[in-house]
Protein chains: 2
Amino acid sequence: MSPKAREALQRAQIVIGYRTYIELIGELLEGKKIISTGMRDEIKRVNRALDEAMAGQKVALVSGGDSGVYGMAGLVLEMAAQRNIDIAWLKDKKEGNSDVLLEIIAGIPAFTAAASLLGAPLMHDFASVSLSDLLTPWEVIQNRIEKAAQGDFVIILYNPKSKKRNWQLSSAKEIILKYRKPETPAGIVFSAMREGQKVNISTLSNMDSHDVDMQTIIIVGNSTTFQSGDFMITPRGYLEKYK
Amino acid sequence: MSPKAREALQRAQIVIGYRTYIELIGELLEGKKIISTGMRDEIKRVNRALDEAMAGQKVALVSGGDSGVYGMAGLVLEMAAQRNIDIAWLKDKKEGNSDVLLEIIAGIPAFTAAASLLGAPLMHDFASVSLSDLLTPWEVIQNRIEKAAQGDFVIILYNPKSKKRNWQLSSAKEIILKYRKPETPAGIVFSAMREGQKVNISTLSNMDSHDVDMQTIIIVGNSTTFQSGDFMITPRGYLEKYK
């Protein structure tokens, strides 16, 4: 957690978040009003945060990783637009003119935390795709995986599997295999930087034989990525100029 | 800077980095040996860091943003492999068996810092492309921009322009314009979270008319990205299920 996030929590009167995240920051929450809800209650949490902020409260809405990467920041702005709430940047200090003043605090995204545990897989261009087809049609996801593979991007896969979604990862694998060797390194990181963390360097062809879930990030190397010891490395150049 | 990075700096006896970054963390460096060099001396810095580590020194090699995202982490591993240095993860505590023990510390990448200043442009799948053709042939870069545009990824452009490279951004714009509307929001962030920071929400068709340089990150929205007030927003779903 960045010092800036910690400061924002200290300033907050109310802290709202998904139960698991609230538990992770328990020691910072003393004396504050806590509103924690279950996994699929994002809309409820955001509306509650907006309501409390409009009532004059200082609210911190907590996200895992970076709030701006598949996180809650966007939902706050979407719901504010939908509800016609006048929202402005806190830094602009338009207090009095706006209903809600907002600050978005960047964090360490789960995929860069995962990368730091694998070695250096993100030294070159990368594309991130969420395999969750709850809010995105599978055809859109499928097309993205195909284009990312064609572009020789390092590919980050978010939400590879859940209890109800069990075939998407194997399907993604088949698409990428059309363009990359089966032995391409694929890093699998479960629960990066949290309790129960597991790190594994596998291959593209085996990546769907591991135990993965919604807490897992998979990073598939590009055509130049290699494994050296316990490290997964994507060279920074295609020209190898520095040799 | 994360507390983990700060701790690592405290433990270090020698701190090595690009001059500008060393200056940014001046107050943390008291009593340490400092080795700072110019912009194109990456290889020299890495070799020096490896040499000092092999001599038994505790070395911190400093990167801007996240050391794993177009940063120095990969170069350390590449040079160690090239020099046949036996390198292992610090956590494995193989002291005595390995020449060098390494820890890679994730940070806040420049592009998520930039995103947090623009609103929430990264709520959906994104692709990051560096426009620097110093170590990558332009055909590879061009193909990536094309595929990222075809995949309707939010597109992050690193290194849009330098003194010697002045046409790549306009060329990238032309490629993306084949697939996206000219009025697609494009966020331009100069020197995110540092002195002189500038934030601008422009459009795809105008993004190359701004003053940009190597400190600038550009984020081009996907087909659903919109601007609302001073915020750039990519909706999290294509299905708009929650409405």
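Naming: A, B, ... by sequence-line order, numbering from 1 per chain. Only a predicted model underlies this, so the values are computations on that prediction, with no experimental measurement involved. The basis for the numbers below is simple: all heavy atoms, side chains too, and nothing from hydrogens, waters or symmetry mates.
Summarising the local packing, CD of B:Glu195 is surrounded by 12 or fewer heavy atoms from other residues, nucleotides or ligands at distances under 6.0 Å.
Heavy-atom distances place the backbone of A:Leu118, and not its side chain, under 4.5 Å from chain B. No part of B:Glu146 comes within reach of chain A, as not one of its non-hydrogen atoms sits under 4.5 angstrom from that chain. If you measure heavy-atom distances from B:Asp152 to chain A, the contacts under 4.5 Å come from both the backbone and the side chain. In this structure, chain B has a heavy atom under 4.5 Å from the side chain of A:Glu42, while its backbone stays farther away. For chain B, the nearby parts of A:Thr112 are the backbone and the side chain; heavy atoms of each come within less than 4.5 Å. Neither the backbone nor the side chain of B:Ile141 comes within less than 4.5 Å of any heavy atom of chain A. Only the backbone of B:Ser67 has a heavy atom closer than 4.5 Å to any heavy atom of chain A. Of the atoms belonging to B:Ala73, heavy atoms from both backbone and side chain fall under 4.5 Å from chain A. In this structure, chain A has heavy atoms under 4.5 Å from both the backbone and the side chain of B:Ile108.
Annotation: the span from A:Met72 atom CE to B:Arg236 atom CZ amounts to 7.5 Å, rounded to 0.5 Å. Distance check, rounded to the nearest 0.5 Å: CD1 of B:Ile87 to OG of A:Ser228 gives 8.5 Å. Annotation: the span from A:Arg144 atom CZ to B:Gln150 atom CD amounts to 13.0 Å, rounded to 0.5 Å. Expressed to the nearest 0.5 Å, how far OH of A:Tyr238 lies from CD of B:Glu139 amounts to 12.5 Å.
No side-chain heavy atom of A:Ser2 sits under 4.5 Å from any side-chain heavy atom of B:Ser2. Residues B:Met193 and A:Lys4 form a side-chain contact, since some pair of their non-hydrogen atoms from C-beta on lies under 4.5 Å apart.
Options B:Ala80, B:Ser116, B:Ala120 differ in how many heavy-atom pairs under 4.5 Å they form with chain A, and the most are formed by B:Ser116. Contact count against chain B (heavy-atom pairs under 4.5 Å) is highest for A:Gly71 among A:Gly71, A:Ala148, A:Ala5, A:Ala81. The candidate from A:Ser130, A:Gly229, A:Ala113 with the greatest count of non-hydrogen atom pairs under 4.5 Å with chain B is A:Ser130. Interface check for chain B: of the options A:Leu77, A:Asn143, A:Val140, A:Ile233, the most heavy-atom pairs under 4.5 Å are formed by A:Leu77. Ranking A:Ala192, A:Gly119, A:Ala115, A:Pro3 against chain B, the residue ahead of the rest is A:Gly119, based on heavy-atom pairs under 4.5 Å.
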Exercise for the section: Walk me through it: do B:Trp89 and A:Leu117 pass the test side chain to side chain contact (heavy atoms under 4.5 Å, CB included)? Expected result: CA-CA 9 Å; B:Trp89 288 107; A:Leu117 298 167; 5.5 Å; no
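For the 3.5 Å distance criterion, the side chains of A:Asp125 and B:Tyr70 qualify, holding a donor opposite an acceptor. Donor-acceptor pairing under 3.5 Å is recorded for the side chains of A:His124 and B:Thr136.
The nearest pair of heavy atoms linking A:Ser128 to B:Phe153 is O-CE2, 3.7 Å. The two atoms that bring A:Phe126 and B:Val69 nearest to each other are CE2-CG1, 3.7 Å, heavy atoms only. Closest approach of A:Phe231 and B:Ala88 over heavy atoms only: CZ-C, 3.8 Å. Across all non-hydrogen atoms, the minimal contact from A:Pro109 to B:Pro109 is CD-CD, 3.6 Å.
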